[in-house]
2 protein chains.
Amino acid sequence: MSTRPAATLAQRKRQVVSDELTGAALQLLARKGYDAVTIDEIVATAGVSRRTFFRYFASKEDVVVRFLADLGAGMCAALAARPAAERPSAALRHAVAGTLAACGDHADRALRVVQLILGTPALHARFLERQAEWRDELAAELARRLDLDPGTALYPQLAAGMALTAFNTVLARWSGSDGTEDPAALLAGAFAVLAPALDAPQGTATA
Amino acid sequence: MSTRPAATLAQRKRQVVSDELTGAALQLLARKGYDAVTIDEIVATAGVSRRTFFRYFASKEDVVVRFLADLGAGMCAALAARPAAERPSAALRHAVAGTLAACGDHADRALRVVQLILGTPALHARFLERQAEWRDELAAELARRLDLDPGTALYPQLAAGMALTAFNTVLARWSGSDGTEDPAALLAGAFAVLAPALDAPQGTATA
DNA sequence: CCTACTTTGGCACTCAGTGTCAACGGTGTC
DNA sequence: GACACCGTTGACACTGAGTGCCAAAGTAGG
């Protein structure tokens, strides 16, 4: 919900409205389900006009997905911050782990949002679309790290895709178990499977 | 577009309408872009009522995505048909290759549809959502093949995700090169990267 | 020919999303 | 303090997607 205190008053006011909208939307959607809630209900709860809603969010889906969207940017930043000498599997694992940890901080709310997204086709679709953007950014960062040509090498795209596959698998398990299973442990297990491909010297193909 | 001759007359008529609608939609959408085309234009071109459109397709996105949706079912079937003794990487590679080949049959039309989907956020989102369903089915099939418990083992979900990552990467490259690059060759390259993880004896993790 | 069933078209309705404009509220400047 | 400037807001109108409903047309079967 809230991020930083922000400097100017206008920015702070904007943040307040955004938070109010997000809070109202998340509460209503989690309680009644995605389709059963209209924008009019949300804005009535938040106390702003319908038009204002669309000045803060591009669509009804956006309110929910935004909540997880920042994670993507964080993941790329985390990858870029890893030491250059680190093996790809370790760098990606830490990047994803950091994102997952940020998710765990919000605890309950995050779990409910994830369950809402994974359980609502329209939201799931938007979520995956956002992820496709992360994938491209992660791939670009990987190509930079390994000094590969993004135009010809398949590895960066594939490695980024594998990392996100791990992320999604962990998310699905975590959400399916109502937060019972430990995300960190699941992630470690996932990367144990993926590591041979992520760190292979290339050309060790046996198929 | 067309599938089988169909037996009864009613079914054949239904098929004709469906084809007409799909054809009109694909032609208009590819020419003018997704947002610039309304359902009214599509039904006017196809010569049916607006209401009828929604009796054949759930949404505007559906017309386009349906075109590739059958591929998913084919992919699962192809995997199930592979010999049980085959290594996972080979079985998955053949399953994806078959799907890609089916894509190549329609040649031009398939290329334009893929480019339309990948270039339109709303369509891309729906496409990825469909893929998530394929992923679950592929994972279930893999778990059956390897006699793993889908409830605990992460491997099936991850392997299915990797295969679809390869599929998507190849599709993106193929579409980006306007059909110049060879899908089969790209797929082989992708699976060369993934194979070490797909076929690893499990526990060879080095992270 | 009459009946039962399916398909279709037309209509009205809800809701998402956008463009426009006028009113409001701070922020600076003279 | 009066002024002009700029961003935010609310209200209204409009397009387009998607749904429910009902009556008409076509089809199959007795």
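Below, each value reflects all heavy atoms present in this structure, side chains not excepted, and no hydrogens, waters or symmetry copies. Letters A, B, ... mirror the listed sequences (proteins, then strands); counts begin at 1.
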Nearest-angstrom distance from the residue atom CZ of A:Arg50 to C1' of D:dG10: 12 Å
Residues A:Arg126, B:Glu129; criterion salt bridge (Lys or Arg N to Asp or Glu O under 4.0 Å); working and verdict: CA-CA 8 Å; A:Arg126 286 291 168 187; B:Glu129 191 215 340; over 6 Å; no
Pairwise 5' ranking along DNA chain D for B:Thr38 and A:Val17, keeping only the more 5' one: A:Val17
Below 4.0 Å: OP1/OP2 of C:dT8 and any side-chain N or O of B:Tyr56: yes
Side chain A:Arg55 and base C:dG17 donor-acceptor under 3.5 Å: no
Touch class at under 4.0 angstrom, heavy-atom based, for B:Val43 against every strand present: nothing
Rounded distance in Å - CD1 (B:Ile42) to P (D:dG18): 10 Å
Atom-pair distance (CG on A:Leu29; C1' on C:dC15), nearest Å: 15 Å
Heavy-atom check, side chain of A:Thr169 versus side chain of B:Tyr155, under 4.5 Å: no
Rounded distance (Å) that lies between atom P of C:dC15 and atom CG of A:Asp40: 7 Å
Length of the line joining B:Phe53:CZ and C:dG9:P, which is rounded to integer Å: 14 Å
Selected nucleotide, minimal atom distance to B:Phe54 side chain, candidates C:dA16, D:dG18, C:dG10: D:dG18
Rounded interatomic separation in angstrom, taking NZ from A:Lys32 and P from C:dC15: 10 Å
Side-chain N,O (B:Thr52) to OP1/OP2 (C:dG9) below 4.0 Å: yes
Base D:dG18 paired with B:Arg51 side chain (donor-acceptor, <3.5 Å): no
A:Arg130 and A:Asp62: CA distance, side-chain angles, deciding distance, salt bridge (Lys or Arg N to Asp or Glu O under 4.0 Å) verdict: CA-CA 10 Å; A:Arg130 286 259 182 172; A:Asp62 198 33; 3.0 Å; yes
Heavy-atom neighbours of B:Asp147 CG exceed 12 at 6.0 Å: no
Phosphate contact (D:dT8 OP1 or OP2) by A:Arg14 side-chain N/O below 4.0 Å: yes
5′-ward residue of the pair A:Lys60/B:Gly47 relative to DNA chain C: B:Gly47
Whole-Å gap separating P (C:dG19) and CG (B:Asp35): 12 Å
Integer-rounded Å distance: C:dT8 C1' and B:Leu21 CG: 13 Å
Heavy-atom side-chain proximity of A:Phe191 to A:Val96 below 4.5 angstrom: yes
